[in-house]
2 protein chains.
Amino acid sequence: MASILTGQAVKAFNINCGECPIRHRAVCSRSDTDELALLESMKSYKTYEQGQTIVWAGDQMAFVGSVVKGVATLSQTMEDGRRQMVGLLLPSDFVGRPGRNLAPFDVVAATEVTLCRFQRAPFEKLLTSSPNIGPRLLQMTLDELDAAREWMLLLGRKTAREKIASLLAIIASREANIGLRSAAGKVRFDLPLSREAMADYLGLTLETVSRQMSTLKREGVIVLESKRVISVPNFANLLNETGDDTDGGMLT
Amino acid sequence: MASILTGQAVKAFNINCGECPIRHRAVCSRSDTDELALLESMKSYKTYEQGQTIVWAGDQMAFVGSVVKGVATLSQTMEDGRRQMVGLLLPSDFVGRPGRNLAPFDVVAATEVTLCRFQRAPFEKLLTSSPNIGPRLLQMTLDELDAAREWMLLLGRKTAREKIASLLAIIASREANIGLRSAAGKVRFDLPLSREAMADYLGLTLETVSRQMSTLKREGVIVLESKRVISVPNFANLLNETGDDTDGGMLT
DNA sequence: AGCCATAATTGATCTCGATCAAAGTTCAGC
DNA sequence: GCTGAACTTTGATCGAGATCAATTATGGCT
């Protein structure tokens, strides 16, 4: 299932990653014990503090891996400072591109972020020798592509209100691990982005984001328990504001 | 090289495709004679007339293949009719998604389009047996992803004028087979899209597209030889209007 | 050529979101 | 608990692009 949220919607590895608080999703099948061992020996962890740039666009990227903890963003910036986020990386999302030396976009830690990393070179060697990893990566990338294209609809055609509602619905469903169409009643979740980061993602200004949040709050669609903690009394009401097909949600 | 133009920037197959006016790009290496023969036996051609929908979003898609002639678009539509194009398929671009049964977006013939098609099922079997096709498809998909993300910047942050200039620059460079940074002098090319299709791609209305075209024409940046044939007296001037880094173009 | 349907241009006006500006919050650090 | 910096909200105004509405090409057809 592809999420509109991020190019990295699909989880990365299913190595039983010792110290990781999460289990990476299946790239290797459980029977690929050699691959598992090799991957296990390659991995290393690194934590980045909030606001820190993990990789600059155009720089070498020596590793691939996945987010263990925290939230990172993928974004690009124009010369005059206009910025557009092109992906949001939540825990278990994949980072990096096999076969690609240079990072095409900035990767920035939106909160404190811990990555589980694998050296790119040996990982790519493994890619050619294991019959399972390649197809899995292709499927992941196709999911990211779908997500990016869903976001193109949001950026090109949705109103500010619809954009905000869409973002909140997606974050809510991902954090709560519910499907977007399961229009359950009350949902409560943490918003891991500043108003400015939301604006960068939605193609808006931070003032417009703030105003729309206030409006949705005034109308009772959302409740701001604190600036970064939101609860949604009735998830169906939020979905109604996204502009997406009501009986289905925005996913294919 | 990824193009901002389309998710399908990278060419598809390098089969010496008998009747095809183009040569499909390398998926199989030349030595994979068995695979080549198999692919050759699977292929079939189909022509769609202008305006015809090749596949509807949500429908089964029994084939993969590539565009031989003409221009097709990938797009999605909201219930109320708002439409956003998410990819533009030019000759030699790949169509369809291995491993995916359902089409996520509408595929429409913008001009008369001829596809060279392969049944999806046998193609996927080939995918597992050949060591070359998989990695090639992964690289293609990564290029499409880069292109989609470049387009997100355009949709979210560029002005109408910059959007038009970007689109023209990309089509010009693709049709003329020149790099975006080769700021050569005069370029002349065919515009295979209606004003409405351009608007759908750029997240604008057709009136705004028309107005910006007129403005660029009035200022001498472009010359409208006919409504669908454009010449650019000085390509560098057009690039200057795209909002992208002047000494490099919009590609990584 | 002339006709007609479709595509494109141009004009007038409106509106949503941007911009400029000023308070109000929150929280880390002393 | 205070203080100050960063973040957020709110207000006033502006403007780019949308919308509504005519015209004006254009190209396919008889």
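Since this is a predicted model, take the numbers as computed values, not measurements. Protein chains get the first letters and strands the later ones, always in sequence-line order, with residue 1 at the start of each.
Atoms NZ (B/Lys217) and P (C/dA8) sit 13 Å apart, rounded to a whole Å. One interatomic measurement links the two molecules: NZ of B/Lys163 to P of D/dG17, which rounds to 8 Å at whole-angstrom precision. The distance between atom CG of A/Asp80 and atom P of C/dT19, rounded to the nearest whole Å, is 10 Å. Distance A/Glu196 CD to D/dA5 P: 19 Å, rounded to the nearest Å. Computed from coordinates, the B/Arg82 CZ to D/dT19 C1' distance equals 14 Å when rounded to whole Å. If you measure from atom CD of A/Glu225 to atom P of D/dT8, you get 17 Å, rounded to the nearest angstrom. Atom pair B/Arg161:CZ and D/dG15:C1' shows a separation of 17 Å (rounding to whole Å applied). The nearest whole Å value for the distance from the CE atom in A/Met198 to the P atom in C/dG17 is 15 Å.
Nearer to the 5' terminus of DNA chain C, by closest-nucleotide assignment, is the contact made by B/Gln50 (compared with the other of B/Gln50 and B/Arg157).
Side chains of A/Ser231 and A/Glu225: a donor on one and an acceptor on the other come within 3.5 Å.
Within 4.0 Å (heavy atoms only), B/Gly51 reaches no atom of the nucleic acid at all.
Of all the heavy atoms in A/Leu153 and B/Gln76, the pair that sits closest is CB-NE2, 3.4 Å. Considering all non-hydrogen atoms of both residues, B/Ala103 and B/Met61 come closest at CB-SD, 4.2 Å. Considering every non-hydrogen atom in both B/Arg157 and A/Leu204, the closest pair reads NH2-O, 2.9 Å.
Among D/dG17, C/dT9, C/dG17, the nucleotide with an atom closest to any side-chain atom of A/Ala160 is C/dG17. Of the listed nucleotides (C/dG17, D/dT9, C/dA7), C/dA7 has the atom at the smallest distance from the side chain of B/Arg228.
Annotation: proximity of residues 205-214 of chain A to DNA chain D (heavy atom, distance under 4.0 Å) is found for A/Leu206, A/Glu207, A/Ser210, A/Arg211, A/Ser214, numbered in ascending order.
The side chain to side chain contact (heavy atoms under 4.5 Å, CB included) search around B/Glu49 returns B/Gln52, not counting sequence neighbours. For B/Arg228, the side chain to side chain donor-acceptor pair (under 3.5 Å) criterion is met by no residue, not counting sequence neighbours.
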### Message
Each nucleotide in nucleotides 25-30 of chain C should get exactly one letter: B, S or -. Can you fill that in based on protein heavy atoms under 4.0 Å?
### Response
-S----
What side-chain donor-acceptor pairs closer than 3.5 Å can you find for residues 106-117 of chain A, not counting sequence neighbours?
residue	atom	partner	partner atom	Å
A/Asp106	OD1	A/Ala57	N	2.7
A/Thr111	OG1	A/Val71	N	2.9
A/Glu112	OE1	A/Lys69	NZ	3.4
A/Thr114	OG1	A/Thr47	OG1	3.0
A/Arg117	NH1	A/Tyr48	OH	2.9

For residues 206-216 of chain A, dump all side-chain donor-acceptor pairs below 3.5 Å to protein atoms at least two apart in sequence or in another chain.
residue	atom	partner	partner atom	Å
A/Thr208	OG1	A/Thr205	OG1	3.1
A/Ser214	OG	A/Ser210	O	3.0
A/Thr215	OG1	A/Arg211	O	2.9

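Between B/Glu219 and B/Arg161, at least one side-chain nitrogen of the basic residue sits less than 4.0 Å from a carboxylate oxygen of the acidic one, meeting the salt-bridge criterion.
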